[in-house]
Amino acid sequence: MALLKFRRDDAPRLVSPEVEAFLDGYSIEVMPRTAEKIESFRDLLPRGTRVYIAHIEGTPIEDMVATAARLAREGYPVMPHFPARIIRDKAMLTDWIARYQGEAGVDQALLLAGGVAQPHGAFHSSMQLMETGAFDGFKRLHVAGHPEGNRDIDPNGGDAAVMEALRWKQAFSERSDADMAIATQFAFEAKPIIAWADRLAAEGIHLPIHIGIAGPAKLQTLLKFAIACGVGPSLRVLQKRARDVTKLVLPFEPTELVVDLARHKAANPDFLVERVHVFPLGGIKTSADWAIANGGRSGAPASQTEG
């Protein structure tokens with residue numbers, strides 16, 4: 001039986017138990033410059049929501065740490081990005097970690113190569129960051145995943161290099177004390193996500209997947225980000241919508257995608273996707289309102305094993 005939930009404007013909305021369970025424990029992402037515009041995150045996010053802090057090239061580490069400290073004070077577990085290619089050397093890496101730990105008590109991190117073409121120093125991959133031992137003692141480490149491929153890693157198409165890297169990370173997780181998971185790029189269609197997750201399992205990669213979804217946003221905004229981020233075949237969902245002029249001015253919501261994945265998860269409990277990570281491309285308030293309106297809770301997940 002559907003559960004009756006309420007939007008912030010008190011308009012009723014029906015939420016299925018499958019979707020509510022799937023959104024349980026969702027996370028969301030901010031940048032320092034957008035966080036500055038939020039008077040209080042407690043007005044937007046359930047206490048305990050994991051908040052990633054995206055580190056864009058050129059953002060001073062002081063701004064990153066200040067944002068982390070503020071979110072921690074407001075009651076949110078913080079997961080800052082560590083982009084390998086903008087970190088010059090191990091000394092810089094350990095300095096960043098010391099600042100995050102000293103000022104915000106950070107004990108979890110997302111490790112990724114980063115979006116710059118040329119490394120600024122010694123590191124070009126998240127694997128090199130892990131090999132330094134600098135994250136020993138962290139409770140949780142996430143690594144990047146790309147359900148529709150990554151031309152940066154496999155420039156000629158295919159997924160040979162991506163799969164090799166994920167097998168390495170699977171092996172690392174088995175010797176690490178940290179809980180590990182894959183946090184992915186966003187996509188717009190369930191079918192390629194399901195196929196990718198099943199492929200990982202067949203390859204012996206069993207890291208939990210925190211699937212990226214794009215929060216509600218104008219179609220033009222999503223198309224811009226999707227093209228810039230290299231979203232693959234699921235981009236056709238947006239392109240089809242763009243051909244309907246009656247829908248061009250309406251925000252595109254990820255509801256259909258989430259419903260499809262939630263139903264698949266309910267029917268296939270071993271499906272590797274265990275959490276949802278929201279990219280607030282249309283604004284953090286819009287995304288937070290959408291998650292809550294669709295039954296999303298955060299903090300300690302009630303219905304699933306921590307992943």
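On a predicted model such as this, the values are computed, not experimentally measured, just so you know.
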**Min side-chain heavy-atom separation L200-I182 under 4.5 Å** = yes

**Prompt:** Atom NZ in K191, atom CD1 in I193: separation rounded to 0.5 Å?
**Reply:** 13.0 Å

**Donor-acceptor pair, side chain of T94 and main chain of K90, under 3.5 angstrom** = yes

**Prompt:** Are any non-hydrogen side-chain atoms of L71 and V30 less than 4.5 angstrom apart?
**Reply:** yes

**Prompt:** Would you say R167 has more than 12 foreign heavy atoms packed within less than 6.0 Å of its CZ?
**Reply:** yes

**Message:** Quick check on E164: does its CD atom have over 12 non-hydrogen neighbours (other residues, nucleotides or ligands) under 6.0 Å away?
**Reply:** no

**Fill in**
In short, P280 meets S287 closest at the heavy-atom pair CA-OG, 3.2 Å

**Prompt:** Just by modelled atom types, is the A98 backbone N or O under 3.5 Å from a matching donor or acceptor in the Q101 side chain?
**Reply:** no

**Test side-chain contact (heavy atoms from CB on, under 4.5 Å) applied to M64 and T59, step by step** = CA-CA 7 Å; M64 293 290 297; T59 305; 3.9 Å; yes

**Request:** Say whether M31 and I213 are linked into one hydrophobic cluster, either directly or through other cluster members, by side-chain heavy-atom distances under 4.5 angstrom.
**Result:** no

**Message:** Counting neighbours of CD on E256 that are heavy atoms of other residues, nucleotides or ligands and sit closer than 6.0 Å, is the number greater than 12?
**Reply:** no

**Prompt:** Ignoring hydrogens and geometry, is there a side-chain-to-backbone donor-acceptor pair from K285 to D289 under 3.5 Å?
**Reply:** no

**Whether D95 side chain and A91 backbone form a donor-acceptor pair below 3.5 Å** = no

**Prompt:** Out of K139, R140, R50, which residue meets the salt bridge (Lys or Arg N to Asp or Glu O under 4.0 Å) rule with D107?
**Reply:** K139

**Asked** Taking all atoms of both residues into account, what is the closest heavy-atom pair of H146 and W196, and its distance?
**Response** O-NE1, 3.6 Å

**Request:** Any chance you could lay out the side chain to side chain donor-acceptor pair (under 3.5 Å) test for H277 and E29, step after step, and finish with the verdict?
**Result:** CA-CA 8 Å; H277 175 64; E29 185 164 299; 3.1 Å; yes

**Request:** Group every Ile, Leu, Val, Met, Phe, Trp and Tyr by side-chain heavy-atom contacts under 4.5 Å, then state whether L45 and I292 land in the same group.
**Result:** yes

**Prompt:** Can you say whether the rings of Y76 and F41 are parallel (under 30°), tilted (30 to 60°) or perpendicular (over 60°)?
**Reply:** perpendicular

**Request:** Would you indicate whether the side-chain heavy atoms of E253 and W290 approach each other to under 4.5 Å?
**Result:** yes

**Asked** Of all heavy-atom pairs between S125 and A84, which one has the smallest distance, and what is that distance?
**Response** O-CB, 3.4 Å

**Request:** Taking the side chain as every heavy atom from C-beta outward, state whether T34 and I284 have any pair of such atoms under 4.5 Å apart.
**Result:** no

**Request:** Please check if any side-chain donor atom of Y26 sits under 3.5 Å from a side-chain acceptor atom of H210, or the reverse.
**Result:** no

**Message:** Using modelled atom types and a 3.5 Å cut-off, is there a donor and acceptor pairing between side-chain atoms of T67 and backbone atoms of D63?
**Reply:** yes

**Request:** Please confirm whether the backbone N or O of A113 pairs with a side-chain atom of S126, one donor and one acceptor, at under 3.5 Å?
**Result:** no

**Message:** Return the CD to CG distance between E274 and D24, rounded to the nearest 0.5 Å.
**Reply:** 12.0 Å

**Request:** Please say whether more than 12 non-hydrogen atoms of neighbouring residues, nucleotides or ligands are located less than 6.0 Å from CZ in R70.
**Result:** yes

**Asked** Any chance CD of E39 has more than 12 other-residue heavy atoms, nucleotides or ligands included, within less than 6.0 Å?
**Response** no

**Fill in**
CE (M127) and CG (L166) are apart, to the nearest 0.5 Å, by 9.0 Å

**Message:** In the structure I gave you, are the side-chain heavy atoms of N294 and V258 within less than 4.5 Å of one another anywhere?
**Reply:** no

**Asked** Distance from I205 atom CD1 to R199 atom CZ, nearest 0.5 Å?
**Response** 8.0 Å

**Complete:** What one should report as the nearest heavy-atom pair of L110 and L112 is O-CD2, 3.7 Å

**Item:** Same cluster (ILVMFWY, side-chain, under 4.5 Å), V278 and I56
**Value:** no

**Asked** What closest approach, in Å, do A134 and I97 show between heavy atoms, and which atom pair accounts for it?
**Response** O-CD1, 3.5 Å

**Prompt:** Which value, rounded to the nearest 0.5 Å, describes the distance between I38 atom CD1 and E74 atom CD?
**Reply:** 10.0 Å

**Request:** Only counting residues at least two apart or in another chain, list the ones meeting ring-ring contact (aromatic ring centres under 6.0 Å, His included) with W96.
**Result:** H55

**Prompt:** Parallel, tilted or perpendicular: which fits the ring planes of F138 and F82, with parallel below 30° and perpendicular above 60°?
**Reply:** perpendicular

**Prompt:** Given the rule in the side-chain contact (heavy atoms from CB on, under 4.5 Å) test, do H142 and M79 qualify, once you have shown the distances and angles that lead to the verdict?
**Reply:** CA-CA 9 Å; H142 287 185; M79 178 170 275; 3.4 Å; yes

**Message:** So that I know where these two stand, are F22 and F271 an aromatic pair - ring centroids less than 6.0 Å apart?
**Reply:** no

**Prompt:** Are side-chain heavy atoms of S173 and L207 found at a separation under 4.5 Å?
**Reply:** yes

**Asked** Roughly how far, to the nearest 0.5 Å, is CG of L129 from CG of L111?
**Response** 6.0 Å

**Request:** Evaluate side-chain contact (heavy atoms from CB on, under 4.5 Å) for S27 paired with R275, printing each intermediate quantity in order.
**Result:** CA-CA 8 Å; S27 58; R275 295 285 179 273; over 6 Å; no

**Request:** Evaluate the side-chain contact (heavy atoms from CB on, under 4.5 Å) criterion for residues V143 and M180: first the C-alpha distance (whole Å), next the side-chain angles of each, then the deciding distance (0.1 Å), finally the verdict.
**Result:** CA-CA 8 Å; V143 294; M180 290 186 61; 4.1 Å; yes

**Any side-chain heavy-atom pair of Y52 and V78 under 4.5 Å** = no

**Prompt:** Would you call the rings of F186 and F188 parallel, tilted or perpendicular, where under 30° means parallel and over 60° means perpendicular?
**Reply:** perpendicular

**Message:** Could you check whether R85 pairs with E57 (Lys NZ or Arg NE/NH1/NH2 to Asp/Glu carboxylate O, under 4.0 Å)?
**Reply:** no

**Asked** Considering only heavy atoms from C-beta outward, does the side chain of L261 approach that of I194 to under 4.5 Å?
**Response** yes

**Request:** Specify the closest pair of heavy atoms between P80 and Q108, including all atoms of both residues, with the distance to one decimal.
**Result:** CD-O, 3.3 Å

